[in-house]
K.L.:
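Structure provided below as structure tokens; questions to follow.
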Amino acid sequence: MSFVRDTYLPAAPPPPPSVGALGWVGQNLFSSPGNGLLTLLGLFILWLGVPPFIEWTLLNAVWRGTGREACLVEGAGACWAFVAAKLGQFVYGRYTFEERWRVDLVFFIGALTVALLMWERLPKRYYLALFGVLVYPILAFILLTGGVFGLPVVETSLWGGLLLTFVVAAVGITVSLPLGIFLALGRRSQLPVLRLLSVVYIEVWRGVPLITVLFMASVMLPLFLPPGVNFDKLLRVLIGVTLFSAAYMAEVVRGGLQAIPRGQYEAASALGLGFWKANLLIVMPQALRMVIPSIVNTFIGLFKDTTLVMIVGLFDFLGSIQVNFSDATWAAPQTAATGYVFAALIFWIICFSMSRYSVRVERRLNEGTRRE
Amino acid sequence: MNNEPAAIQITGLNKWYGDFQVLKHIDLSVGRGERIVICGPSGSGKSTLIRCINRLEDHQQGKIIVNGIELNNDLRRIDEVRAEVGMVFQSFNLFPHLTILENCTLAPIWVRKLPRAQARKEAMAYLERVQIADQADKYPGQLSGGQQQRVAIARALCMHPKIMLFDEPTSSLDPEMIKEVLDVMIGLAGEGMTMLCVTHEMGFARTVADRVVFMDEGQIMEENVPEEFFNRPQHPRTREFLSQILSH
Ligand SMILES: Nc1ncnc2c1ncn2[C@@H]1O[C@H](COP(=O)(O)OP(=O)(O)O)[C@@H](O)[C@H]1O
Ligand SMILES: [Mg+2]
């Protein structure tokens, strides 16, 4: 018997999703005895941990007060009054009080730029990005250090708190990425000397802990410099942090470069694009896109590592919280714990935002290139 | 041939990969407007030969002169040659992060220094010609293989090349897409483009080629006009190859 179809079948609608809320619970949480047991165990752990934490941070917390007495109450939880009283120091460090508006202005312009950059439909976003990378750092530098336009000088030794954390992280992040790109290109170069130099640089910096680098930068470097020559401690730390993270960035970027097929280089060359143009226009955009998660991961690591500047006597956000633990006015059992929880919270908010932002960027970049 | 200088003049070309000699004493001259088809078994050095012409590969011995420019280590001259020689690859090699139109305007803007608007206009004209203008704002990943290869041809044409090199442009295409690419190539040949095509599409060779070159083990074994090449192959290796390739 033969069969020839004479009509096309119309497309049938997809079957309705079979799971309701209960169905979802059944399918995902109790699909097997083992899974069910794990779910119950998880709930038990949450029940042990969460209520006491909420009691401590919120229900029993002390919100108002001018000194330790407020937080010495029997059964008191977190001493948020301490955080409220010291917030200025946590944010600005010992930055001259009357000049704090300059820090505020830098924060404000920075936040505005980032917010506008996230607005995808903004026309000429390209120029805004250029502003962010080229103009903003100079502007911030002038505002923060002063000494021109009638702005009084504020020594970097006075900078601290969140300000210092942001300065170290921002400089480290924005300088280490291009540096890392050059190192990665160097490591893949045809020229043996360049390749060797890049490999040595990357392996040396990756092989030492950041603490060592910071110590070298702040304690040992001056010993090698001729007497009388001395340069800013913050600057030395910035250089150390940047060179350090450039090595990590180089390896991340190299990973992306390795994933670019040879055909892309060949097509670029065949069109007459030289080394720099091929890299700038064809290779790097693809390679960097591929490693956005790793780049952001490195950024987050760097951001948290800025707390290490404490050990060379700079007071970043965490550092300026810690010094205040020894303030007798606020000596209370929960002061330190409150400070650390506050620090953790702020760090988490910032790092989590970075991570979410990267997910967004990644998704947007993949939209076009994904095969339907 | 007339006394105009040849488009491509290769004499005594030898090339090695380490100890392995891929190209053995190649002599080949291609006149302006000439269409050459190169065929031969896999690994015989066809790709290597045409990649030497725009110096994606360098050679150790012999002379390659393209449009009067001799290829050596002078980087500036290499870029001059590359700007005049378009290449189409087996695997398309479109830039996946750029739209079809951007793929076509990139090199004109950055190498030929065309103003953006004019580069777009020209690119659209070429995309029109390969009948893919309606896809200009899509990304390569959204196109079929045949469409991608036509874009690759348009991208090369946007540089106004004097010579086009094709390295098995239809070999990775599904059968029903081969024709659309060959049609574009036939059109190009009709306009007098100098073309070197590595291909096993013997129908294309018969209708379009001025000469067919057969390579085996890094050497040119036989070279003839299509009529003679297909009907009266001289070398036993050529006969063997043709019988294999035409049997299915
Ligand atoms: N980069 C390379 N290094 C070493 N050997 C190569 C390289 N590229 C090609 N070959 C070898 O050279 C020979 C010719 O290759 P190819 O020109 O690609 O042949 P065809 O295009 O005719 O199939 C093959 O044996 C191949 O293995
Ligand atoms: Mg080949």
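Every value quoted in this text rests on a predicted model; they were computed, and no experiment measured them. In what follows, every heavy atom counts, from backbone to side chain, and hydrogens, waters and symmetry copies are set aside. Chain letters run A, B, ... following the sequence lines, proteins first and then strands; every chain starts at 1.
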K.L.:
Under 3.5 Å, side chain of Ser176(A) to main-chain N/O of Ala246(A), donor-acceptor pair present?
P.N.:
no
K.L.:
Report the residue from Val198(B), Leu196(B), Leu188(B) that forms a side chain to side chain contact (heavy atoms under 4.5 Å, CB included) with Phe166(B).
P.N.:
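So, applying the side chain to side chain contact (heavy atoms under 4.5 Å, CB included) to Phe166(B) and each of Val198(B), Leu196(B), Leu188(B), only Leu188(B) qualifies.
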K.L.:
Tell me, for Phe95(B) versus chain A, whether the close heavy atoms (under 4.5 Å) come from the side chain, the backbone, both or neither.
P.N.:
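Its backbone and side chain both get close to chain A.
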K.L.:
Listing request: all ring-ring contact (aromatic ring centres under 6.0 Å, His included) pairs with a residue in residues 246-301 of chain A, at least two apart in sequence or in separate chains.
P.N.:
Phe244(A)-Tyr248(A)
K.L.:
Within a strict 4.5 Å, meaning less than it, do heavy atoms of the Leu13(B) and Leu49(B) side chains meet?
P.N.:
yes
K.L.:
Given the options Val88(B), Val81(B), Leu165(B), Leu106(B), which has more heavy-atom pairs under 4.5 Å with chain A than any of the others?
P.N.:
Leu106(B)
K.L.:
Do you know which of Arg55(B), Lys138(B), Glu80(B), Arg155(B) has the most heavy-atom pairs under 4.5 Å to chain A?
P.N.:
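If we count pairs closer than 4.5 Å to chain A, Arg155(B) comes out on top.
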K.L.:
I need the Asn103(B) CG to Thr99(B) OG1 distance, nearest 0.5 Å.
P.N.:
7.0 Å
K.L.:
Using non-hydrogen atoms only, which part of Glu57(B) is less than 4.5 Å away from chain A: side chain, backbone, both, or neither?
P.N.:
side chain
K.L.:
Taking side chain as everything from C-beta outward and backbone as N, CA, C, O, which of these in Leu94(B) sits under 4.5 Å from a heavy atom of chain A? Side chain, backbone, both or neither.
P.N.:
backbone
